[in-house]
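Every chain is numbered from 1 and lettered A, B, ... according to where its sequence line falls, protein lines coming before strand lines.
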Number of protein chains: 2
Amino acid sequence: MRIGELAQRAGTTTRALRYYESRGLLPARRGGNGYRAYDEEDLRLLRQIRVLQDFGFELEETRPFVECLQAGHPAGDSCPASLEVYRAKLAELDAMVARLTEVREQVAAQLTQAEAARDALAAADREPRCELARTDDRTIERGEGTR
Amino acid sequence: MRIGELAQRAGTTTRALRYYESRGLLPARRGGNGYRAYDEEDLRLLRQIRVLQDFGFELEETRPFVECLQAGHPAGDSCPASLEVYRAKLAELDAMVARLTEVREQVAAQLTQAEAARDALAAADREPRCELARTDDRTIERGEGTR
DNA sequence: CCTGGCGTTGACGCCGGGGTGAAGGTCTAG
DNA sequence: CTAGACCTTCACCCCGGCGTCAACGCCAGG
């Protein structure tokens with residue numbers, strides 16, 4: 001199998017495959033003509049890379065999985081190093097979620113407060129019970145309050 | 001107040017202030033010598049920008065808040081446009097949290113499964129009760145099983 | 001007057017990750 | 001023969017939010 005076919009079967013591009021090779025992630029044997037030669041096993045490695053990439057793993061983080069498969073293990077995550085990457089990623093995701101959630105709550109609180117302030121202002125506008133007279137020029141036409 | 005002082009009081013840099021001005025976000029009056037001249041109101045605008053930036057808002061997203069203050073409103077979030085930005089940001093944060101959480105669960109499931117597979121293998125190794133004989137070459141010395 | 005510290009503008013750099021594009025050559029399938 | 005697939009290398013891109021010069025102007029203190 002040559003690079004184009006592998007790329008197509010894995011749903012990626014020849015450029016990406018050469019890039020992976022340049023990173024030492026997916027080495028390729030070469031035919032006499034210099035063309036890269038791949039087999040079904042390489043397709044497995046590549047699929048492992050793609051799955052992890054889709055999960056948001058960085059390329060470097062996929063390396064232990066690929067090496068695990070290369071070492072003949074049944075799955076990319078059969079090796080301790082891969083499990084460690086899983087755990088690190090879990091911790092990373094948890095930290096991100098916590099951070100985002102905290103920001104979310106702060107923004108929500110700001111929104112609530114700003115809406116309350118706006119409503120309070122609107123209410124005061126409709127029914128001004130404070131002693132200070134409004135300085136409005138009465139440009140508002142649709143006034144239900146004064147009607 | 002000149003640019004250096006403003007930057008210092010807001011905990012940012014002169015470079016950032018010039019950048020904001022280049023984006024039309026924080027315009028500055030000029031003195032006779034061409035120096036930027038700022039007042040306390042500009043400091044308020046700048047603080048509003050910084051707060052939102054720290055929350056992870058992009059510069060463009062801070063614009064409605066700044067314009068709201070410039071229009072004389074009591075707070076940056078007194079205007080509908082600002083509230084819309086809050087709401088959009090909330091939705092964005094929620095989407096990110098949901099995405100990350102989903103990925104987190106998938107990774108957690110993978111980890112659990114991989115650990116189970118590893119433990120099953122280890123158990124089978126310690127006590128092989130299946131009918132198929134192992135094809136090991138008996139390179140393992142610490143064999144308790146065959147002893 | 002000189003120096004140092006602030007100011008000005010514009011242009012370019014950088015950071016990271018995952019690639020892509022182009023140029024110029026070789027090989028192969030039909 | 002020719003189109004298309006393949007090879008190499010080097011450079012470039014994307015994003016936002018600045019940082020880092022370069023080369024100069026302005027001004028106060030000693």
* **Rounded (10°) bend between the five-pair end axes of the helix from C/dC1-D/dG30 to C/dG30-D/dC1** =>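 So the angle between the two local helix axes works out to 30°.
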* Structure fact -> Heavy-atom contacts, protein to nucleotides 2-9 of chain D, under 4.0 Å, summarised as B (base), S (sugar-phosphate only) or - (none) per nt, yield ---BSSB-
Spacing of [X] atom [atom1] relative to [N] atom [atom2], expressed in whole Å:
X	N	atom1	atom2	value
B/Asp54	D/dG17	CG	P	12 Å
B/Glu61	D/dC15	CD	C1'	14 Å
B/Tyr19	D/dG19	OH	C1'	12 Å
B/Leu25	D/dC18	CG	P	11 Å
B/Phe55	D/dG17	CZ	P	16 Å
B/Arg23	D/dC15	CZ	C1'	13 Å

* Checking A/Ser82 side chain against A/Gly76 main chain: does a donor-acceptor pair fall under 3.5 Å? ->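 Confirmed, A/Ser82 side chain pairs with A/Gly76 backbone.
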* Would you say the side-chain atoms of B/Asp42 pair up with the backbone N or O of B/Asp39, donor to acceptor, closer than 3.5 Å? ->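 Flag set: sc B/Asp42 to bb B/Asp39 pair under 3.5 Å.
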* Look at B/Arg87 together with B/Glu84 and state whether they make a salt bridge at an N to O cut-off of under 4.0 Å. =>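 So B/Arg87 pairs with B/Glu84 through a salt bridge.
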* Can B/Lys89 and B/Glu92 be counted as an ion pair, charged N to O under 4.0 angstrom? ->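 Salt bridge: yes.
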* Asked: For A/Val103 and B/Phe55, which heavy atoms make the closest approach, and how far apart are they?
  ->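 Heavy atoms only, the tightest pair is CG1-O, 3.4 Å.
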* Asked: Which atom pair, heavy atoms only, marks the closest approach of B/Val66 to B/Leu25?
  ->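 Minimum heavy-atom contact is CG1-O, 3.4 Å.
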* Asked: Around A/Glu115, counting heavy atoms of other residues, nucleotides and ligands shown, do more than 12 lie under 6.0 Å from its CD?
  ->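 Buried by this count: over 12 neighbours within 6.0 Å.
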* To do: Would you indicate whether A/Glu5, at its atom CD, is surrounded by more than 12 heavy atoms from other residues, nucleotides or ligands within a distance under 6.0 Å?
  =>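 Yes, the 6.0 Å shell around CD holds more than 12 heavy atoms from other groups.
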* To do: Using the heavy-atom set of chain A and a strict 4.0 Å cut-off, write down the first and last nucleotide of DNA chain C that makes it in, 5' to 3'.
  =>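 First-to-last contact on DNA chain C, by the 4.0 Å heavy-atom rule, is C/dG17 to C/dT28.
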* Do B/Leu43 and B/Tyr38 pass the side-chain contact (heavy atoms from CB on, under 4.5 Å) test, and can you show the C-alpha distance, the side-chain angles, and the key distance before you say yes or no? -> CA-CA 8 Å; B/Leu43 182 56; B/Tyr38 300 95; over 6 Å; no
* Rounded to the nearest 0.5 Å, what's the gap from CG on A/Leu45 to CD on A/Glu41? Could you check? =>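 Here the rounded value is 5.0 Å.
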* Taking OP1 and OP2 of D/dC18, is either one under 4.0 Å from a side-chain nitrogen or oxygen of B/Gln53? ->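 The answer is yes; a side-chain N or O of B/Gln53 sits under 4.0 Å from OP1 or OP2.
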* **B/Arg104 side chain reached by A/Val97 side chain, heavy atoms, under 4.5 Å** =>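 No. Closest side-chain heavy atoms not under 4.5 Å.
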